Every structure is written in structure tokens, then in C-alpha cells.
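One structure is given below, encoded as C-alpha cells.
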2 protein chains.
Amino acid sequence: MMGLMDTQSPWLDDDQQDLWQALLTVVIALPAALDRQLQRDAGISNFEYGVLARLSVADESTMRLSDLARVCDSTQPRLSKAMDRFEARDWVARRPDPGDGRYTLATLTDAGRHKLVQSAPEHVAQVKRLVFDPLSAAQRRHLGVALTRIAATVRREVEGS
Amino acid sequence: MMGLMDTQSPWLDDDQQDLWQALLTVVIALPAALDRQLQRDAGISNFEYGVLARLSVADESTMRLSDLARVCDSTQPRLSKAMDRFEARDWVARRPDPGDGRYTLATLTDAGRHKLVQSAPEHVAQVKRLVFDPLSAAQRRHLGVALTRIAATVRREVEGS
DNA sequence: TACTTTCACTTGCTGAGGCAAGTCAAAAGG
DNA sequence: CCTTTTGACTTGCCTCAGCAAGTGAAAGTA
């Protein structure tokens, strides 16, 4: 199996295999590790933390649900149900967009911001331990470049198909 | 917020934020994109594909469940239930390890190997499109190095804690 | 104005995964 | 030997996510 033809052969060559295995481990085990830490220390998932964090940096702590879903790489039902959970705990308030009744605006409440701030330190520390600490500055740069390209490709796949 | 202290500050600096956002998109949206393709074309998940693929390259197409779980970054219950599904479709056979009755051996059947071979081309093409095509050879190398380090750290976290 | 289309969001149903508890086999200790 | 401990695997309960179908608001069209 000489990996001469690159995008045509239906298999990966050895170098590609190694990269692919490492990427699989990262996409499977890293979210699991983050979920365990956040669930244990804060009772929320990594996904839920990301939603709260993204809302917290939005103008007025408010976003349309559809925009929030896109930047959080979420489907609409998934976000809708997360919002149900958030509203039940008074971390987020939903209301129709006054300018266009089809949209719904989500706003982070003070309690929601408090929850985020309280959960952040241990979570950020975990991210640093697992992702940043093992890498040199140059490796972080390279990783950022490569992941940004892959992320853009995946996003294009999700949207335009 | 000058990001001078690295592992101590409870926040990420701007460069770290960019890398972290790209990594989040990859770990969330990439598995989702792979799952969609495999579910649509083969009726299995990315995780299930990985299990079958790993078994297929094992000696005698056979592994202990605990070893298989480790290399697939799976918990034991998760793998156990995947095996229930595989056995129901006759893709895998389980039997007690003759040498030590505590272990269970899983063997890929001919039907299971057939399923894998049949699913591989489109899946591998998807992986190449989303992960390899957007990168130059040098970028792939750098990505492999960084991901391998992160993967090792995450694995250590899972096992030894 | 009425009808259709489009779009944002929600709901119902089903399947998968996590955790904690249970089962069973082998080893360890008395 | 018998008991206790360890370790591998499975089971039950619950939550969460995906999909497809449903609702309701705005825009386009006759």
C-alpha cells in the first residue's frame, strides 16, 4: 500500500494514520475529560459552559438563538433544550426579538454570569493543563494555524454542505 | 489583562482564545460531521467505525474488551453496549478468554469485516476532505506533533488521573 | 386581502452514553 | 480450604442529542 495517490486512494498511509489516531483521541477523549471536570465541579457540560461563555461576551449579554447556535457549533434543537435547562435555573432569559417576532433573544442573567465566573477558574486550568502546557510556543502557533483551517472547512461543510 | 503569568491566570489571552475556539469547533463539529456521513451512508457512528477498524487490524481480528476500550478511548459500559449492537448484527462475536475467565475476547466476523470494508471508502474520503486536504505537508506534520502531545496528556489524565 | 412560502424555533420520539451498582472469575491472605 | 479483595464486564436508570414533524411570524405573490 504505497500512499502515492493522495486524495484518491481509499486508505490512509502510515503518517496519515498516526495523525488521524491522535486527532481521534483528542476529539473523543478531550471533550470527555472536560465534561467530567465541569460536571464534577460545576454540574454543567462543556457544551453548556461554552454557550454561557459566548453569551457573556456578546453585546448586552444578548444574542439571537440562531446566531448563538452557529457560533457554538450547535444544532437548533440542541441549543433550544440547553436553553430550557438554563431558564429553569434562571441563568438565561428568552424573549421574542422586538424587531422581528421570528427570532428569539437570549440574555445572560446576573445569576448566569455568576455561575460562569464561578466555574471558570477550574475549567480554564484544566484546559491549560491538557492543551497548552504540553506544547511549546511554536507548537501552539502551528496548532492554531492548522486547526483554524480544519475548523473553517468543517464549518463550510455544516452550512453550505 | 496582560497574559504574563501563563498557567496561573484564570483566563486565556487572545492568542490562546483563538486556538481554543478553533479546537472547540474541531472537537465538537468534526465528530458531528463524521457521524452524519457515516450514519447516512452506513448506519453506524464514527465511534463504532473506529471500534471495527481497530479490531480489524488486531492479531486474529481479536482483542480483549478492556484493551479495545483503552485504544478506542472508550469507557467499558460504552464499549459493552456497542458490542451488544455488533453482536445483534453478527459483526462481532464475544467469548470468555480461555486463559483467564475474567477477560472477554471480541472477534470481528467476516460480516463485520465486510461492513467495514464497504463503509471505508466514503468515510476515508470524508476524513481526507475535512482534515488533510486543507493542510500543507508541513502543516500536517506540525499538527501531528502537537496533537500527539495533547493526546498523550489526555490519556494520562484518563488513566492515572 | 388572502394564500403560499420561508424561516426561527420548539416538541416528540428514539437511541446512545455516563455513572453507580451488580455479577462473576481469579488471586491473595489467613 | 475458606474468606476477602481485586479486576473485567454487564445492567439499570437517567440525561442528553439527533431527527422529523409541528407552530407561529414575516415576506412574497396574486
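Model, not experiment: these values are computed from the prediction. Just so it is clear: chains get the letters A, B, ... in the order the sequence lines come, proteins before strands, and each one is counted from 1.
Residues forming a side-chain hydrogen bond (donor to acceptor under 3.5 Å, both in side chains) with B:R149 (at least two apart in sequence, or on another chain): none.
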Fill in: Audit row: A:R94, A:D84, salt bridge (charged side-chain N to carboxylate O under 4.0 Å, His left out) steps and yes/no
CA-CA 9 Å; A:R94 268 185 292 200; A:D84 292 343; 2.6 Å; yes

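Taking hydrophobic clusters as Ile, Leu, Val, Met, Phe, Trp and Tyr residues chained together by side-chain heavy-atom distances below 4.5 Å, B:L23 shares a cluster with A:V158.
In the region residues 34-42 of chain A, proximity to DNA chain D at under 4.0 angstrom, judged on heavy atoms, holds for none of the residues.
If you measure from atom CD1 of B:I44 to atom P of C:dA16, you get 12 Å, rounded to the nearest angstrom. When rounded to the nearest whole Å, the span between CZ of A:R70 and C1' of C:dC7 equals 14 Å.
A salt bridge between A:R155 and A:D73 is present, with a side-chain N of the basic residue lying under 4.0 Å from a carboxylate O of the acidic one. Using a cutoff of 4.0 Å between basic side-chain nitrogens and carboxylate oxygens, B:R102 and B:D97 are not scored as salt-bridged.
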Practice prompt. If a protein heavy atom is under 4.0 Å from the base, mark B; if only from the sugar-phosphate, S; if neither, -; do that for nucleotides 4-17 of chain D going 5' to 3'.
Written response: ----SBBBBB--SS

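No contact: A:D97 has no heavy atom under 4.0 Å from any strand.
From B:T153, atom OG1 reaches atom CG of A:L135 across 7.5 Å, with rounding to the nearest 0.5 Å. Interatomic distance, A:L116 CG to A:L108 CG, rounded to the nearest 0.5 Å: 7.0 Å.
In this structure, A:R78 forms a cation-pi arrangement with A:F47, its terminal cationic atom sitting closer than 6.0 Å to the ring centre and no more than 45° off the ring axis.
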